[in-house]
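Read through the structure below, which is laid out as structure tokens, and then see the notes.
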Amino acid sequence: MWKEYYHAPGMYDFDYSLRRLSMDPLIRTNMKERYVDVPVRLENDRAVVRVKAEGDIEKPVFSVMSDHNEEQDVIFEHIRNIFQWDKDLNDIHQFFQQTELSMLFHQYQGTPIVRDFNLYDSLMKVIIHQQLNMKFAYTLSTRFVQTFGEEEDGSWFYPTPEKVASLEYDYLRNLQFSQRKAEYVIDTSRLIVDGELDLQKLSKLPNDEVLKTLGKIRGIGPWTVQNWLLFALGRDDLFPAADIGIQNALKKWWQLDEKPSKKDIEKKSMEWSPFRSYAALTLWRSIEG
DNA sequence: AACCAGGGAAGAT
DNA sequence: ATCTTCCATGGT
């Protein structure tokens with residue numbers, strides 16, 4: 001068992017992040033004790049890591065602990081990247097003070113981008129969640145993981161690309177996937193196993209190159225690429241204009257009768273570049289619960 | 001019952 | 001290039 005502490009440079013609302021993480025039934029969170037258990041895939045091994053809030057929004061301190069004693073540095077580095085503790089959210093807050101979203105950022109301070117735990121898992125989840133209402137979306141992804149993935153210490157690991165590539169479409173249809181969705185999930189996994197798609201390599205490329213590569217794959221459109229860039233890679237400047245949640249939030253924020261058009265959204269959101277992701281997160285947050 | 005859901009492919013202009 | 005229509009289900 002090891003335990004390490006870390007201080008973030010600016011404000012950081014970890015309790016909000018926990019609330020978001022707790023929306024996913026596959027992720028074990030505890031709001032009262034303020035921790036989340038993060039499943040970590042290693043080279044040929046797995047670890048479950050507990051990340052716990054020890055401070056508050058103004059003075060964020062975190063503890064990271066695990067009883068997996070090998071590759072401790074790799075694990076800690078991975079956790080730091082997921083939660084992006086080194087990004088100074090005071091700078092983001094400062095930036096939005098000169099925009100029309102200043103009030104919103106004042107109300108919801110220190111909203112971080114918490115990345116999905118794994119590049120491949122994230123892509124599968126985004127494909128599965130396309131167009132579905134949140135409740136059914138989580139039902140589907142939970143069934144998918146609990147049927148084909150693996151559990152360890154109460155935490156669920158997504159199935160590997162190899163495992164998913166070996167499935168028949170009917171296995172997913174039985175879980176109430178549509179035929180299309182079953183094809184998207186399995187075929188994309190097969191591309192990865194065959195070496196035709198390398199997510200690690202993609203993660204080092206600029207957004208437009210990722211869009212060019214991922215967008216060619218059947219079942220992956222602009223919304224899915226944008227969400228993957230935002231949540232898997234944690235990129236700062238994504239604004240999913242096609243997203244219903246974003247549209248609803250802007251409708252409310254701009255006091256419109258109808259949802260604003262994709263084009264209007266894209267144009268206006270340019271004022272929030274290069275930190276559009278934070279605008280998106282904060283807008284989502286403004287219409288939650 | 002009708003319409004929507006944190007879309008995308010395929011077909012039609 | 002841009003616009004419809006269809007895909008499949010569960011939720012409200």
Side-chain angles (χ1 to χ4, degrees), chain A residues 16-17 19-27 104 108 111 113-116 121-144 146-147 168-191 197 210-235 238-254 256-267 269 272 276-289:
Chain A
Y16 168 69
S17 301
R19 247 175 281 143
R20 250 192 107 78
L21 289 167
S22 73
M23 290 163 58
D24 191 334
L26 292 164
I27 300 176
L104 208 57
Y108 303 108
T111 309
I113 301 175
V114 174
R115 296 171 56 182
D116 290 338
D121 301 355
S122 180
L123 186 57
M124 291 302 107
K125 179 176 170 181
V126 179
I127 293 174
I128 292 170
H129 283 218
Q130 281 170 181
Q131 203 258 343
L132 300 176
N133 65 72
M134 300 283 271
K135 186 168 180 182
F136 184 55
Y138 278 116
T139 300
L140 270 192
S141 53
T142 300
R143 266 183 210 156
F144 174 70
Q146 294 189 341
T147 305
E168 318 248 346
Y169 302 134
D170 280 351
Y171 297 175
L172 296 187
R173 301 242 33 190
N174 290 339
L175 304 183
Q176 287 178 285
F177 280 55
S178 65
Q179 176 66 28
R180 291 269 175 89
K181 213 179 274 294
E183 290 169 11
Y184 299 163
V185 164
I186 291 175
D187 291 349
T188 302
S189 298
R190 288 180 178 161
L191 287 179
L197 177 61
V210 176
L211 177 60
K212 224 186 298 173
T213 306
L214 274 186
K216 274 193 214 131
I217 298 171
R218 185 163 174 274
I220 301 181
W223 180 88
T224 300
V225 178
Q226 287 180 325
N227 274 273
W228 192 74
L229 283 165
L230 206 172
F231 290 112
L233 303 186
R235 299 269 165 100
L238 274 300
F239 201 80
D243 187 281
I244 300 293
I246 292 289
Q247 292 174 6
N248 287 333
L250 284 175
K251 177 186 165 195
K252 178 182 168 191
W253 187 245
W254 288 334
L256 305 172
D257 296 326
E258 300 291 329
K259 282 181 287 197
S261 75
K262 242 181 84 174
K263 282 198 169 153
D264 288 345
I265 292 176
E266 267 158 7
K267 203 188 324 175
S269 70
W272 308 321
R276 281 176 289 178
S277 299
Y278 289 93
L281 284 171
T282 305
L283 283 164
W284 272 317
R285 185 174 180 180
S286 74
I287 56 166
E288 279 164 9

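Within every chain, numbering begins at 1; the chains are lettered A, B, ... in the order of the sequence lines, protein sequences first and strands thereafter.
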Between the side-chain atoms of A:Q179 and the base atoms of C:dA8, is any donor-acceptor pair under 3.5 Å?
no
Can a donor-acceptor pair be found, under 3.5 Å and without considering hydrogens, that links the side chain of A:R235 to the backbone of A:L230?
no
Roughly, in whole Å, what's the span from CG in A:L132 to P in C:dC7?
16 Å
A:F177 CZ - C:dC7 C1' separation (whole Å):
16 Å
Roughly how far apart, to the nearest Å, are C:dA8 and B:dA1 at atom P?
23 Å
Counting only pairs under 3.5 Å, give me each side-chain donor-acceptor contact of residues 215-223 of chain A, with atom names and distances, residues two or more places apart or in other chains.
| residue | atom | partner | partner atom | Å |
| --- | --- | --- | --- | --- |
| A:R218 | NH1 | A:E183 | OE1 | 3.0 |
| A:R218 | NH2 | A:E183 | OE1 | 3.3 |
| A:W223 | NE1 | A:D243 | OD2 | 2.9 |

Whole angstroms only, please: what is the CG-C1' distance between A:N133 and C:dT9?
9 Å
Can you name the residues that form a side-chain contact (heavy atoms from CB on, under 4.5 Å) with A:D24, not counting sequence neighbours?
A:L26, A:I27, A:K125, A:Y138
For A:R143, answer base if it contacts any base atom (sugar-phosphate contacts may also be present), sugar-phosphate if it contacts only those atoms, and nothing otherwise; contact means non-hydrogen atoms under 4.0 Å.
nothing
Who passes ring pair (Phe, Tyr, Trp, His ring centres under 6.0 Å) against A:Y16, sequence neighbours left out?
none
What is the distance, rounded to the nearest whole Å, between atom NZ of A:K262 and atom P of C:dC3?
10 Å
A:K181 NZ to B:dG7 C1', straight-line distance once rounded to whole Å
8 Å
Counting primed atoms, P, OP1 and OP2 as sugar-phosphate and everything else as base, the B/S/- map of nucleotides 8-13 of chain B against protein heavy atoms under 4.0 Å is BSS---
Mind checking what makes side-chain contact (heavy atoms from CB on, under 4.5 Å) contact with A:K259, not counting sequence neighbours?
A:I244, A:Q247, A:N248, A:K251
Which residues pass the side-chain contact (heavy atoms from CB on, under 4.5 Å) test with A:A241, not counting sequence neighbours?
A:K262, A:I265, A:E266
Distance test, side-chain N/O of A:K259 to OP1/OP2 of B:dA5, below 4.0 Å:
yes
When rounded to whole Å, the OH to P distance for the pair A:Y138 and B:dA5 reads 17 Å
